[in-house]
Amino acid sequence: MMVVVWFDVTLVIILLVCGWLALTTPNLLRAVMLFIAFGLLVALAWVRLQAPDVALAEAAVGSGLTGALLLSTLSAMQRASQKRRSRMEAMQQSTKEEYDAG
Amino acid sequence: MQDRDFNRALQADDDTRLTQSRLLVLALATALVAGLAAAAITFPDDFGRLAPLALDSLPRSGVLNPVTAVLLNYRGYDTLLEVVVLLLAIVGVWAIAPTPRIWFKTPDTPVLATFVRLLLPLMMVVAGYMLWLGADEPGGAFQGGAVLGGVGVLWAAAVVWLPRAGRPFWLRLLLGAGVAAFVIAAVGLLFLRGNLLQYPPEQAKTVILVIESAAMFSIGATLAMLFIGGYPRREEAK
Amino acid sequence: MIFETAFWLPIGIMAPLLAALCTFLAPQRMSPLVTMIGAGITFVAVGFLSASLVRNGPARHTVGGWGAPLGIDLAVDGLAALMLMLTAVVGAAVALYAYGYFNFSGHGEETKRRYASFWPLWLFLWSALNALFLSRDVFNLYVTLELVSFAAVALTALAGKPDVLRAAMRYLLVSLVGSLFYLMGVAYLYGEFGVLDIDQLKKTVTATPSLAAAAALMTVGLMMKTALFPLHFWLPPAHANAIAPVSALLSALVVKGSFYILLRAWLEIFYPLSHTGAPYLLTGLGGAAILWGSLQAIRQVRLKLLIAYSTVAQIGYLFLLTPLLFVKEQSPIALSGIVCFILAHAGAKAAAFLSAGAIQLVTGDDRISSLRGLMQMQPLAVVAFGAAGVSLAALPPSGGFIAKWFMLHAALAHGDRLVAAIIVVGGLLAAIYVMRVVAPLFRQPDDAVLHRLTLAPKTMTLTALGLAVLALLLSFAGIPVMEMLSIGAVGILGIE
Amino acid sequence: MIGTSTLYTLAGVLLFGMGLYALIAYPHLLRKILAMNVMGTGVFMVLISIAYQGPTQRADPIPHALVITGIVVAVCATGLALTLATRIQALTGSARLETDEEA
């Protein structure tokens with residue numbers, strides 16, 4: 001019985017630390033990774049609390065799909081800002097060339 | 001200054017330093033947690049709430065998994081509105097974004113496409129099995145739908161199929177099937193039996209499975225479309 | 001069966017839902033037609049429901065045949081019926097206006113595509129609001145709240161500009177946090193009392209720490225969604241930057257949805273806490289909202305921002321009388337005042353936004369300074385705005401006047417002079433900001449302006465005028481509203 | 001000695017507070033959306049812990065169903081919010097809400 005209780009306490013602590021890190025890590029990619037891990041730990045907690053249906057939904061949707069959504073958005077955002085940046089640089093370059101020519 | 005913003009976006013970094021105002025927010029959140037925790041420890045123990053009633057009514061619900069009974073029968077109306085939430089999310093996404101978040105390119109080698117083509121029937125079987133199982137064991141339309149959603153994303157990623165532009169009718173039909181099945185069943189039963197979603201006890205399981213199957217396809221399609229974001233389209237040739 | 005009230009209850013939810021589905025499935029050019037058909041059926045359902053409510057009294061519908069506490073119940077009483085009718089009338093008028101608006105301004109492939117989403121979104125919103133007004137289950141209310149927010153946010157984003165997208169994002173985040181607060185409150189209620197049905201809760205609640213926690217969570221969450229000061233920050237940018245028909249829907253109906261839940265929650269679930277300071281806190285915030293919102297409205301340079309800040313102010317009135325709802329003698333009058341205010345504000349504010357939209361189409365910009373001389377060019381829109389202003393400033397004869405008259409009556413009868421003073425001052429401030437808009441309209445126009453004379457379609461100006469006139473006509477609605485509210489009043493005043 | 005159910009209830013409340021803090025305090029939209037999900041998980045954890053009746057008894061299925069509904073609503077909200085965020089970033093170059101940031 002004691003073992004079981006300690007398992008719960010450990011799980012809750014790891015889960016909270018994982019969640020806190022996901023919320024406070026400066027790097028967003030790492031934050032999303034931590035969030036996915038957090039979701040899987042939560043699914044484990046649901047199993048512990050005799051909620052297997054919820055655990056399945058959490059692992060598939062709450063952690064898996066939400067994580068995938070966050071990751072794809074992150075990469076879309078990075079690509080967009082890269083594009084914007086190179087466009088700006090090209091613009092700066094061309095104005096500089098005009099300036100040099102003139 | 002703009003430059004730094006670009007850099008931050010590029011490196012995907014967020015400013016998480018603990019400033020004074022953030023400390024204040026943290027203090028307020030801590031106070032909230034303390035208050036809520038103090039109330040939470042007074043929840044009565046050894047008090048079944050609605051559990052005994054839900055479990056006792058199980059024989060009349062048509063299914064053996066109590067969670068499925070709650071989702072599709074006792075509180076089927078919640079689930080109806082939830083399927084509407086899914087459809088509404090897609091309508092919202094399509095209204096906001098004209099282009100997909102992700103542009104898909106036809107891959108150089110057809111290996112992935114072949115693999116996905118083979119995977120699809122297998123995954124359909126898995127999803128269907130989860131749905132069937134859901135009546136009596138853990139599982140159901142949402143879990144099955146999540147599997148289908150994953151397959152949908154793979155399909156798009158491997159460019160097995162993607163519409164050239166717009167929103168083809170059959171995709172809309174797939175997305176709306178869950179709401180359609182639910183609403184038709186609800187209104188039909190309202191006219192037949194006087195109450196929204198009042199299943200005839202003998203056919204409850206059949207009706208539940210029919211609604212769930214339609215809902216599962218819609219859930220899968222919706223999740224895939226949420227992932228793609230915007231109308232699904234191939235990358236335009238430059 | 002057809003003649004039972006209970007039969008019509010779910011039709012009011014299912015009809016717009018089915019119409020929304022059809023607009024999604026059918027080709028987009030058919031959307032207005034499908035919307036009109038769906039709106040027609042919903043109108044009939046709401047009409048039958050209200051008529052049969054008056055004749056047969058309040059009714060319940062047990063979805064799935066299970067009945068509370070295991071199943072979900074829908075119920076209609078006077079308050080719910082009034083909200084249904086309000087939504088139907090304002091919503092139909094706005095839809096008519098939107099049809100004209102899109103024909104007039106929806107050019108370009110991209111804009112057309114975005115505006116086409118208005119129809120399904122509006123029908124989803126309508127269905128969700130009706131579901132919200134009729135639901136008796138606290139968790140089911142959460143789902144309807146989410147439906148309302150999703151539809152409202154997507155509608156806000158239809159304008160498509162960066163500013164409005166930022167506003168929509170902020171709106172979405174506040175809305176979602178508000179919903180999560182509400183849901184946490186639901187968890188506390190279920191943890192403590194073990195039921196989700198409001199009538200069952202009403203019978204079992206006692207003043208425990210968990211009830212207090214649930215009350216705090218739900219009140220804060222719904223305050224966010226209702227934009228009560230100081231949680232109003234998201235409202236002005238969202239309401240001001242959305243396209244005109246959407247602004248009208250948001251201000252007239254959407255904020256009232258969350259307020260409706262808050263009102264019911266306090267009357268039927270949290271009433272054991274009525275002797276605590278909480279109702280007075282809400283009064284204080286309401287008073288602050290009136291003063292702050294009005295002063296901000298007076299300061300605005302842009303017309304739609306002015307109207308949006310006026311909404312912030314007017315929301316304050318809804319909370320001003322909270323403590324009186326629990327005083328037996330004043331309760332019916334106070335409640336009638338609040339409900340009259342909801343109706344009058346919905347009509348007047350929708351009319352104000354709609355006429356502002358028509359004016360904006362003519363002048364091409366949103367600054368108050370460019371309104372000079374519009375009386376000559378766009379008289380219908382100007383008259384509509386003026387009439388709406390009369391109701392907003394609560395001048396007689398208008399719905400706003402009768403509402404504030406009820407409120408003053410209740411406040412003075414209870415000896416709340418400060419509250420009465422705020423009501424009067426708020427009316428004066430409203431008169432000032434309305435005059436700031438109306439005065440330039442009657443000045444001589446610049447010749448330059450006259451040159452780019454384009455007229456907004458009649459469908460737009462006439463619907464705005466219709467709603468404004470309705471807000472004025474509500475001055476005769478005081479007694480009918482009171483009588484309507486007494487149908488199933490036990491459901492509202494569960495303090496006996 | 002607190003019971004298993006209470007342990008998870010408190011963890012849920014803590015997650016709710018943590019998510020709320022991060023959502024208000026940090027500027028990046030992606031972070032805000034992530035924080036909203038953590039907040040939601042906190043609420044779900046309170047509900048599921050309420051349903052737990054000890055290792056020998058069957059858990060209350062009602063909160064389980066509510067949470068499954070909640071998870072699906074949350075993923076829809078996330079999808080909608082991320083679409084908005086992507087759009088804002090594409091149009092303005094910044095995935096933050098403040099307009100005059102670092103001015």
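Keep in mind the model is a prediction, meaning the values are calculated, not measured. Values below: every heavy atom of this structure, side chains too, minus hydrogens, waters and symmetry copies. Throughout, a chain's letter reflects where its sequence line sits, starting with A, and its residues are numbered from 1.
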Chain C heavy atoms under 4.5 Å from [X]: which part of the residue, side chain, backbone, both or neither?
{"X": "Ala40(B)", "value": "both"}
{"X": "Ala37(B)", "value": "backbone"}
{"X": "Leu189(B)", "value": "neither"}
{"X": "Ala97(B)", "value": "backbone"}
{"X": "Phe47(B)", "value": "side chain"}
{"X": "Ile184(B)", "value": "neither"}
{"X": "Val187(B)", "value": "side chain"}

Give, for atom [atom1] of [X] and atom [atom2] of [Y], the distance between the pair rounded to the nearest 0.5 Å.
{"X": "Leu250(C)", "Y": "Tyr171(C)", "atom1": "CG", "atom2": "OH", "result": "5.0 Å"}
{"X": "Leu190(B)", "Y": "His61(C)", "atom1": "CG", "atom2": "NE2", "result": "5.5 Å"}
{"X": "Thr219(C)", "Y": "Leu281(C)", "atom1": "OG1", "atom2": "CG", "result": "9.5 Å"}
{"X": "Leu141(C)", "Y": "Leu183(C)", "atom1": "CG", "atom2": "CG", "result": "12.0 Å"}
{"X": "Gln200(C)", "Y": "Lys203(C)", "atom1": "CD", "atom2": "NZ", "result": "5.0 Å"}
{"X": "Lys161(C)", "Y": "Ile243(C)", "atom1": "NZ", "atom2": "CD1", "result": "9.5 Å"}

**Study point:** Heavy atoms of other groups near Phe193(C) CZ, more than 12 under 6.0 Å
**Key:** yes

Select, from [options], the one with the greatest count of heavy-atom pairs under 4.5 Å involving chain B.
{"options": "Thr62(C), Ile13(C), Leu18(C)", "value": "Thr62(C)"}
{"options": "Ile11(C), Val143(C), Leu147(C)", "value": "Leu147(C)"}
{"options": "Arg114(C), Arg113(C), Glu146(C)", "value": "Arg113(C)"}
{"options": "Leu165(C), Thr144(C), Leu155(C), Leu21(C)", "value": "Leu21(C)"}
{"options": "Gly65(C), Ser117(C), Ala26(C), Ala154(C)", "value": "Gly65(C)"}
{"options": "Ala213(C), Pro27(C), Gly194(C)", "value": "Gly194(C)"}

Can you name the nearest heavy-atom pair linking [X] to [Y], along with the distance?
{"X": "Tyr77(B)", "Y": "Ala131(C)", "result": "OH-CB, 3.7 Å"}
{"X": "Leu70(C)", "Y": "Ser57(B)", "result": "CD2-OG, 3.5 Å"}
{"X": "Leu158(C)", "Y": "Ala95(B)", "result": "CD2-CB, 3.9 Å"}
{"X": "Asp73(C)", "Y": "Gly67(C)", "result": "OD1-CA, 3.6 Å"}
{"X": "Tyr199(B)", "Y": "Ile211(B)", "result": "OH-CD1, 3.9 Å"}
{"X": "Gly257(C)", "Y": "Phe133(C)", "result": "CA-CE2, 4.2 Å"}

Quick one: which of [options] has the most heavy-atom pairs under 4.5 Å with chain C, could you say?
{"options": "Val91(B), Val183(B), Leu88(B)", "result": "Leu88(B)"}
{"options": "Leu50(B), Ile90(B), Thr42(B)", "result": "Leu50(B)"}
{"options": "Gly176(B), Pro44(B), Ala38(B)", "result": "Pro44(B)"}

Check your understanding: So Asn195(B) and Gln198(B), side chain to side chain donor-acceptor pair (under 3.5 Å) or not? Walk me through it.
Key -> CA-CA 5 Å; Asn195(B) 278 315; Gln198(B) 187 173 17; 3.2 Å; yes

Review point. Does the side chain of Asn73(B) pick up a donor-acceptor pair with the side chain of Ser61(B) at under 3.5 Å?
Key: no

Is it the side chain or the backbone of [X] that comes within 4.5 Å of chain B heavy atoms, both, or neither?
{"X": "Pro69(C)", "result": "both"}
{"X": "Ala157(C)", "result": "side chain"}
{"X": "Leu217(C)", "result": "side chain"}
{"X": "Phe118(C)", "result": "neither"}
{"X": "Leu74(C)", "result": "side chain"}
{"X": "Leu17(C)", "result": "side chain"}
{"X": "Ile72(C)", "result": "both"}

Below 30° counts as parallel, above 60° as perpendicular, anything between as tilted: where do the rings of [X] and [Y] land?
{"X": "Phe48(C)", "Y": "Trp8(C)", "result": "parallel"}
{"X": "Tyr142(C)", "Y": "Tyr182(C)", "result": "parallel"}
{"X": "Phe24(C)", "Y": "Trp94(B)", "result": "parallel"}

Practice item. Output the residues of residues 121-129 of chain C for which the shortest heavy-atom distance to chain B is under 4.5 Å, in residue-number order; output 'none' if no such residue exists. Key: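 Listed by number, the contacting residues are Leu121(C), Phe124(C).
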
Point to revise | Contact residues of residues 204-212 of chain C (partner chain B; heavy-atom separation under 4.5 angstrom) | key: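 Answer by number: Pro209(C), Ser210(C).
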
Review point. Taking it one step at a time, do Phe182(B) and Leu197(B) satisfy side chain to side chain contact (heavy atoms under 4.5 Å, CB included)?
Key: CA-CA 8 Å; Phe182(B) 241 126; Leu197(B) 282 176; 4.1 Å; yes

Practice item. With Arg60(C) as reference, evaluate Asp199(C), Leu9(C), Val76(C) under the side-chain contact (heavy atoms from CB on, under 4.5 Å) test and give the passing residue. Key: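 The passing option is Asp199(C).
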
Point to revise | Check against side chain to side chain contact (heavy atoms under 4.5 Å, CB included), Trp66(C) and Arg60(B) | key: CA-CA 10 Å; Trp66(C) 294 97; Arg60(B) 288 188 289 138; 3.8 Å; yes

